[in-house]
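Attaching a single structure in structure tokens format; questions to follow.
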Amino acid sequence: MRMPILPFSVFLLTWPSVSTFVTVAARADDSPRVELGERLFKEGRFSQPHFANASPRGVRGPQLWSCATCHHLPEQKRGYADSESRSPVPARREDQQQITLRNSPSMIDLFFNESSERPNLLHYDGEFASPEDLVRAGLTGRNLGWLAHEKSIVVAHIATVVRREFADDEETFGLSLLLASDSQILDAVADLISDYMRSLEFEKDDEGQFSGSPYDRFLARNRLPQRPNPGETGAAYTLRLLESVERLSNPEWVDEGRMRRHEQDFRFGPTELQGMKIFLKSGPRGSIRDFAHLRGIGNCASCHTPPAFTDFTFRNTGVSQEEYDAIHGRGGFLRMAIPSLVERLQMDSSRLADFAALPSYQNTRAVDLGAWNQLQPGVRGPLFGWICQVVPGCSSAPSEQAVQDAAIAAFKTPTVRNLGHSAPYLHNGSRPTIESATLFYAIMSNLARDGRMRNADPEMLKVFLDGRDVGPLAAFMRALNEEYE
Ligand code: HEC
Ligand code: HEC
């Protein structure tokens, strides 16, 4: 049983003498369940290295491995991400795997505006439709050192640790730890960690509008629309916001001194405003020759849609192609054979595994096709629905092959709020800075217009940037950083 999510409370402390705001975003919910969920999130004794060390066949290396090993808490100035391109995993002789397939993402506001018909999916490839499923798989999976055939060992081990170490928390668990079965205990742990994850939100005001970043403060001060009207689409809101910001004749800037959790000032000035306009502006679709003169158009908001700065769907921006080609030569990804639905059904699982693999010099078939891997032929689940939404004509006449093709190298759009705490960027962690992640779009959008990007998202064709746009865009995105506890 899950607790209802309590309304979000925000404490705004103001120092009247100086015109400085200090904002403290409370966690959405400080209930005992959330507090226990956080302890379980940090619990290292569930991991395989701890289990193996406790038994006679010891292992080397750190013994305690928890969710927080790869998702650092804000005290460490990380928004639940770590600082690795790809996180280390516990070593196992059996498979030699050393690192995760992808970069560990931030975890704040993952469930914003979620509906029961269309849950927000988790992981870059949309593998999980609920946090409970993710936690069950995570605790018993490779990230904590467990191999696929060890499921029954790990479920029993987790239950043993809970019965021994969390006896005092029985009431919060909501079940008798002695009478409950091992898998009931795992489910209870998954529910608690999920409550904790649902409680991680950016600061919101009493009306539920984002209010914690310099950008949010700027919108409020200048009476700019802070969120879509009921029924208004993200695209229509973006346009309305752009039009109102372009009409601002005498903007009131935000400048409130150093931030505590970010190495920057809490400010929104002319450079940030310039970046905001580039971020929101969308360009025409056309060939590289017709539009060589265009710049200053990011079209970023078509996918990083305000106010959450993500559309929660899956798009191909060319990250996998870039990494594959860097290893196997330009054009390699374009030429690579990717099975159709029918071919896919006939492929064995070891061959299919190559499509969710780290690219390597040894194996030309190893590549990360993202969401493509999670679509099952014949299954029209939530992931199918999310992708269908961005395939032209799909909502009226859904075509399974069209959705499958659009999912090639498509990854979940991450929010660009609070990037200051989640470097490096992109699913492969290939960009160390916000500037380098932004420059990526200047290059990839030209490749897309030139017809040299496989399965380019149509929105990539409407991005027109040059080097001069990078600074203002990065300044704008830094104005989406915020303080939170
Ligand atoms: C060894 C490192 C590691 C550990 C341990 C780990 N994670 Fe992750 N986590 C990752 C990586 C890498 C991803 C991205 C995976 C992907 O997208 O395929 C991720 C993704 C996620 C996401 C998805 C966020 C999004 O935007 O969709 C959530 C939520 C999450 N992890 C929660 C947890 C929880 C809860 C635990 C503990 C049970 C945990 N993680 C343990 C590395 C780790
Ligand atoms: C077609 C949709 C789309 C457009 C247009 C787009 N993005 Fe993205 N963005 C994504 C997706 C999807 C990812 C993750 C891609 C991946 O890792 O494979 C991403 C990742 C990012 C990241 C890294 C975030 C992180 O946490 O790792 C940044 C920064 C970013 N985009 C900025 C921008 C900027 C700036 C623009 C405009 C110039 C822009 N994006 C335009 C879809 C888009």
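Order of listing sets the numbers, starting from 1, for every ligand and every atom in it. Please read all numbers here as calculations on a predicted model, not as lab measurements.
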Flag His427 as yes when one of its N or O atoms lies below 3.5 Å from any N or O atom of ligand 2, and as no otherwise.
-> yes
Just distances here: any N/O of Ser422 and N/O of ligand 2 closer than 3.5 Å?
-> no
Is the distance from atom 8 (Fe) of ligand 2 to the nearest N/O/S atom of His304 under 2.8 Å?
-> yes
Can the ring centroids of Tyr215 and Phe476 be said to lie less than 6.0 angstrom from one another?
-> yes
Determine whether the aromatic ring centres of Phe355 and Trp372 lie less than 6.0 Å apart.
-> yes
Cation-pi, Phe111 ring and Arg198 (6.0 angstrom, 45 degrees) = yes
Would you say Ser66 and ligand 1 have an N/O pair spaced under 3.5 Å apart?
-> no
For atom 8 (Fe) of ligand 2, decide whether Thr413 has an N, O or S atom at a distance under 2.8 Å.
-> no
Contact atoms of ligand 1, heavy-atom distance to Pro88 under 4.0 Å | 1 (C)
Sum of protein N, O or S atoms, each under 2.8 Å from atom 8 (Fe) of ligand 1 = 1
Kindly state whether the ring of Phe464 and the ring of Tyr441 have centres lying under 6.0 angstrom apart.
-> no
Polar-atom distance check: Asn103 versus ligand 1, any N or O pair below 3.5 Å?
-> no
Can you find an N/O atom of Met460 closer than 3.5 Å to an N/O atom of ligand 2?
-> no
Considering only non-hydrogen protein atoms, determine which one is nearest to atom 4 (C) of ligand 2 and report residue, atom name and distance to 0.1 Å.
-> Cys303 SG, 3.3 Å
Can you find a non-hydrogen atom of Phe41 under 4.0 Å from ligand 1?
-> yes
Consider only side-chain N and O atoms of Asp311 and Thr313, and report whether a donor and an acceptor are under 3.5 Å apart.
-> no
Would you mind listing which atoms of ligand 1 come within a distance below 4.0 Å of any non-hydrogen atom of Lys412?
-> 25 (C), 26 (O), 27 (O)
Donor-acceptor side-chain pairing of Asn120 and Glu114 below 3.5 angstrom | no
Would one find an N or O of Trp65, backbone or side chain, under 3.5 Å from an N or O of ligand 1?
-> no
Short N/O distance, under 3.5 Å, between His123 and ligand 1?
-> yes
Per-atom filter on ligand 1: closer than 4.0 angstrom to a heavy atom of Leu122 are 27 (O)
Shortest protein contact, atom 41 (C) of ligand 2 (heavy atom only) = Tyr441 CE2, 3.3 Å
Go through ligand 2 atom by atom and flag the ones less than 4.0 Å from a non-hydrogen atom of Gly298.
-> 37 (C), 38 (C)
What atoms of ligand 1 come within less than 4.0 Å of a heavy atom belonging to Leu139?
-> 38 (C)
Will you find, in the side chains of Asp216 and Ser213, an N or O donor that is under 3.5 Å from an N or O acceptor?
-> yes
Among protein heavy atoms, which lies nearest atom 17 (O) of ligand 1, and at what distance?
-> Tyr124 N, 2.6 Å
What residue and atom, counting heavy atoms only, is the protein's closest point to atom 18 (O) of ligand 1, and at what distance?
-> Arg102 NH1, 2.6 Å
Any cation-pi pair here, Arg417 with Phe210, using under 6.0 Å and within 45°?
-> yes
